[in-house]
Each structure stands twice: as C-alpha cells, then as structure tokens.
2 protein chains.
Amino acid sequence: MQAYDQRFQEVLDCAESLFARQGFHATSMRDIARAACMSVAGLYYYLPSKQAALSFVCERIFDRLESGSAAGAAVGAPRDRLAAFVRGHLGYLLTNNLSYRVLLHDMQALDGESSQGARARRRRYFHSLVDLLAELEPRERHRSRMAAGALFGMLNWAPTWYRQDRDGDVEALAARLTELFLSGFYSDALLARATA
Amino acid sequence: MQAYDQRFQEVLDCAESLFARQGFHATSMRDIARAACMSVAGLYYYLPSKQAALSFVCERIFDRLESGSAAGAAVGAPRDRLAAFVRGHLGYLLTNNLSYRVLLHDMQALDGESSQGARARRRRYFHSLVDLLAELEPRERHRSRMAAGALFGMLNWAPTWYRQDRDGDVEALAARLTELFLSGFYSDALLARATA
DNA sequence: CGTTCTATCGAACGCTCATTCGATTCGAAT
DNA sequence: ATTCGAATCGAATGAGCGTTCGATAGAACG
C-alpha cells in the first residue's frame with residue numbers, strides 16, 4: 001500500500017511535468033505512460049482518466065502552494081505576514097520548474113465537479129490575500145480586491161521574465177516586489193483618502 | 001480580391017474566438033470550419049494549415065495591440081505616455097472578449113519560424129515599456145526591466161478578476177492601476193537611492 | 001460559345017487519441 | 001501447494017484528428 005502510493009506520486013510527477021511543459025491537451029496518456037516507464041494500460045491502474053490526472057495534479061499543486069505561502073503568513077504583524085505570503089507564493093512559482101503553468105493555463109480544461117472544487121480552492125486562496133490586505137488598510141473592500149488582483153498579477157507574471165542570473169535570488173525579488181507593491185498601495189490609499 | 005480578404009478575416013475571427021475560448025490544441029479545424037459555415041476542405045482554401053491559422057491570428061492581435069497602446073504612447077510627457085500605454089494595453093485586454101488569451105496561452109504552441117517572429121515581436125513590445133520606464137526614472141536598466149515585468153503582470157492578470165459591474169469602466173481602472181504602480185515605482189526608486 | 005479561374009465541397013487517408021478487455025506474472029496468505 | 005489479489009501488459013476499439021484529392025458550380029473573359 002505504501003509502494004502503491006509512492007508509484008502513484010511518481011505517476012503524478014510525470015503527468016505534472018508534461019502538462020506544465022506541453023499543456024494538458026498537447027499531452028497524451030501515451031506520453032505520460034512513457035515518462036513513467038509503464039504501458040498505457042498499466043497507467044490506468046493508477047489513473048481512472050486523463051481528466052482525473054489533471055484533477056489530481058491540480059490538487060497537489062494547491063496543497064504545496066498553500067503550505068508554502070498561506071501557512072507562512074499565519075502569524076505576526078500584517079506587514080510581515082504579507083511579506084511571508086509573497087515570499088511563499090513567489091518561491092513556489094520560481095522554484096518548481098514550470099508546474100505553476102498547470103494552474104494558470106490548464107486548470108480551465110477541467111470539467112464537471114473537479115472544476116468546481118478547483119475553482120473554489122482558487123477563490124479561497126485569492127481571498128486569503130484580499131483579507132490580508134484589508135487588514136493592512138481597512139477601507140472599502142473593493143480596494144483590497146483590486147489590490148489583490150494587482151499583486152497576484154505581479155507575482156504570477158514573474159516566471160515569464162525572471163532569470164536567476166540577472167534578477168538575483170528569489171528572496172531578494174520577493175522583498176523588492178513587496179516593497180514596490182506596498183509603497184503603491186499605501187500612497188494610493190493616502191491619495192484616495194485625501195480626495196475623498 | 002476584396003471579397004476574398006473579407007472572407008479571410010471572417011475565418012480568422014472564427015479561429016481567434018475558438019482559440020481564445022477553448023485553447024489551440026482543443027480546437028479542431030472542423031470546429032473552425034463549422035464556425036465559419038464552410039466545409040473543412042473549403043477552409044484550406046484560406047488557411048494552409050492549423051499552425052498558419054494560429055500564426056495569422058497572433059499577428060493580427062499584435063497589430064491591434066500595438067496600434068492601441070504603443071501608438072497612443074508616442075508623444076507627450078513620459079508620465080502621460082505611460083498612462084496612455086496602460087490605457088491602451090488594458091483596453092485591448094478587457095474589450096476584445098478573450099482574444100488576449102491566444103497570446104498569453106497559445107502562442108507557445110507556435111513552432112518553426114512563425115514562433116521566432118512572434119517571440120521577437122513580444123520582446124519588442126515588452127521593451128517599449130522598459131524604455132518608457134527608463135525615461136521616467138533613468139537609473140539602472142535592471143530596475144526598469146523588473147518594473148516593466150511587474151506592471152505587465154498587473155495588467156495581463158486583470159482579465160481574470162475584472163468585472164465591469166464591480167470594478168467600473170476600463171478607463172477608471174487603467175487610471176487606478178497607473179497610480180498604484182507609479183506610486184510604488186517612485187517610492188521604490190527613492191528608497192533605493194537613499195540606501196545606495 | 002468555350003475556356004479559365006475562383007470558391008467550394010464530399011469523401012477519403014493515415015494517424016493518434018482515450019479508454020477497455022482479457023490475460024499474465026508474482027509475491028503473500030491460507 | 002494452492003489460492004488470491006495486486007500490478008502489469010499487448011492488443012484492440014471506435015472516434016476524431018489534420019490534411020489532401022478530385023470534382024463541381026458559377027462567374028469572368030476571350
């Protein structure tokens with residue numbers, strides 16, 4: 001039973017890597033089977049369907065993402081918690097190869113109730129940041145929502161231009177972006193209060 | 001010959017819409033033919049291949065994107081030009097249904113020299129913003145590059161959370177995000193100069 | 001009127017896809 | 001020693017894929 005679980009995780013590793021590199025629709029069950037060194041029929045012993053493979057992979061990525069960022073941002077002053085969130089989120093995006101792509105590009109290929117679950121989970125993750133920002137600057141909720149969208153955008157886009165050799169290590173980049181965002185966030189709030 | 005061009009653009013409209021909604025790999029030539037109300041063989045009178053369809057669609061999107069944002073940001077004070085760029089870019093993303101997705105998700109499916117051309121074009125577009133930011137705060141080029149990445153992230157992510165009824169019209173959102181970004185950009189530069 | 005060209009089509013080709021079936025191996029339990 | 005279940009496989013199934021071929025209708029032109 002423990003051997004089963006290990007093999008199962010290996011299969012998911014292969015699927016995740018392929019989905020991330022080629023996209024869900026461009027990856028065949030034969031690709032996954034080949035990567036996992038087993039026959040196509042053997043693959044179906046672990047995965048009931050291709051959709052299920054995507055669903056499992058998404059769940060696992062959410063788990064890792066949350067344990068890295070949401071968990072690290074649980075205690076302390078709001079500002080430190082935001083910094084921890086950014087560090088965790090960005091750390092996951094930039095140090096797990098391309099697996100973030102599965103959430104960002106392929107999650108939409110989910111259908112049925114799997115998609116409901118994943119979408120709910122993404123909403124929850126998004127709102128954990130909205131709440132954090134509302135604590136930092138408790139004004140209209142609308143502003144927090146927009147700011148969270150802006151911040152997530154900054155972070156999620158980073159993998160497209162980040163390169164270790166030019167942009168320094170991930171910790172430094174996280175600190176930079178946190179600074180950039182917070183300065184704008186506070187100035188903006190100040191400005192809005194002045195003109196209100 | 002003018003009738004041909006019009007039909008050709010209609011075909012590209014259909015392809016673009018389908019690629020945007022379902023993704024390139026999940027869209028078949030039969031889907032495109034059905035949407036364009038013609039037979040599959042008839043479709044090949046206008047499109048030499050599915051790859052070419054994607055390539056044409058990408059080119060067209062780049063054209064529209066550049067004429068909207070880069071062109072509007074050609075003259076005036078650097079700050080106004082940045083505001084115009086943001087307005088143009090965001091305007092395209094939020095008012096052309098989902099067609100931005102083709103660039104953001106499906107462009108990677110291009111192969112051969114089409115991909116070279118599209119990638120070069122994207123780089124050029126990216127650097128037009130880097131240059132604009134370097135004009136605003138002419139310090140190390142590295143800082144401009146990072147800031148451009150952050151700003152593009154904020155903008156490109158907007159379609160995932162923006163909803164007209166909650167977040168106001170596009171102009172207002174563009175002004176908001178420009179403000180948010182610029183405040184952070186200037187404070188950050190100030191801070192960097194103070195600690196340097 | 002005959003020819004040529006444009007735009008279109010039905011039908012097929014060869015291939016790959018996700019999925020399933022029946023059989024097999026092999027270690028563990030009875 | 002026999003049984004059993006877990007893990008694996010080769011081969012097939014039916015559907016859909018991108019692409020091509022040969023034909024056709026009609027407009028344009030000599």
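What's counted below: heavy atoms across the whole structure, side chains too, no hydrogens, waters or symmetry copies. Note that this is a predicted model, so its numbers are computed, not measured.
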Tell me: [atom1] of [X] to [atom2] of [N], nearest whole Å?
X: B:Leu43; N: D:dT19; atom1: CG; atom2: C1'; value: 11 Å
X: B:Met38; N: C:dG10; atom1: CE; atom2: P; value: 11 Å
X: A:Arg7; N: D:dA7; atom1: CZ; atom2: P; value: 11 Å
X: B:Glu10; N: C:dA7; atom1: CD; atom2: P; value: 13 Å
X: A:Asp5; N: D:dA7; atom1: CG; atom2: C1'; value: 14 Å
X: B:Phe8; N: C:dA7; atom1: CZ; atom2: C1'; value: 15 Å
X: B:Leu47; N: C:dA7; atom1: CG; atom2: P; value: 14 Å

- [ ] Have a look at B:Tyr46 and say if it touches a base, only the backbone sugar-phosphate, or nothing, with a 4.0 Å heavy-atom cut-off.
- [x] sugar-phosphate
Task: Those residues that, when tested against A:Ala73, pass side-chain contact (heavy atoms from CB on, under 4.5 Å) (two or more places apart) - done: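 If we apply the side-chain contact (heavy atoms from CB on, under 4.5 Å) test to A:Ala73, skipping adjacent residues, the hits are A:Arg81, A:Ala84, A:Phe85, A:Leu132.
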Task: Those residues that, when tested against B:Thr160, pass side-chain contact (heavy atoms from CB on, under 4.5 Å) (two or more places apart) - done: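 Applying side-chain contact (heavy atoms from CB on, under 4.5 Å) to B:Thr160 gives B:Trp157.
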Open item on the list: Could you work out, with side chain to side chain donor-acceptor pair (under 3.5 Å) as the rule, every residue matching B:Ser114, not counting sequence neighbours?
Closed with: none
- [ ] Mark up nucleotides 13-28 of chain C, 5' to 3', with B wherever a protein heavy atom is under 4.0 angstrom from a base atom, S wherever such an atom reaches only the sugar-phosphate, and - elsewhere.
- [x] ----BBBBB-------
- [ ] Could you walk me through whether A:Glu137 and A:Arg79 pass the salt bridge (charged side-chain N to carboxylate O under 4.0 Å, His left out) test, one step at a time?
- [x] CA-CA 10 Å; A:Glu137 181 60 35; A:Arg79 221 196 115 103; over 6 Å; no
Identify all side-chain donor-acceptor contacts of residues 103-110 of chain B below 3.5 Å with residues at least two apart in sequence or on another chain.
residue, atom, partner, partner atom, Å
B:Asp106, OD1, B:Phe24, N, 3.2
B:Asp106, OD2, B:Phe24, N, 3.2

Open item on the list: Can you tell me if B:Tyr45 touches the phosphate of C:dA7, counting only side-chain N or O atoms and a distance under 4.0 Å to OP1 or OP2?
Closed with: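 Yes, within the criterion.
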Task: Residue pairs, two or more places apart or on separate chains, that pass ring-ring contact (aromatic ring centres under 6.0 Å, His included) and touch residues 126-145 of chain B - done: B:Phe126-B:Phe152
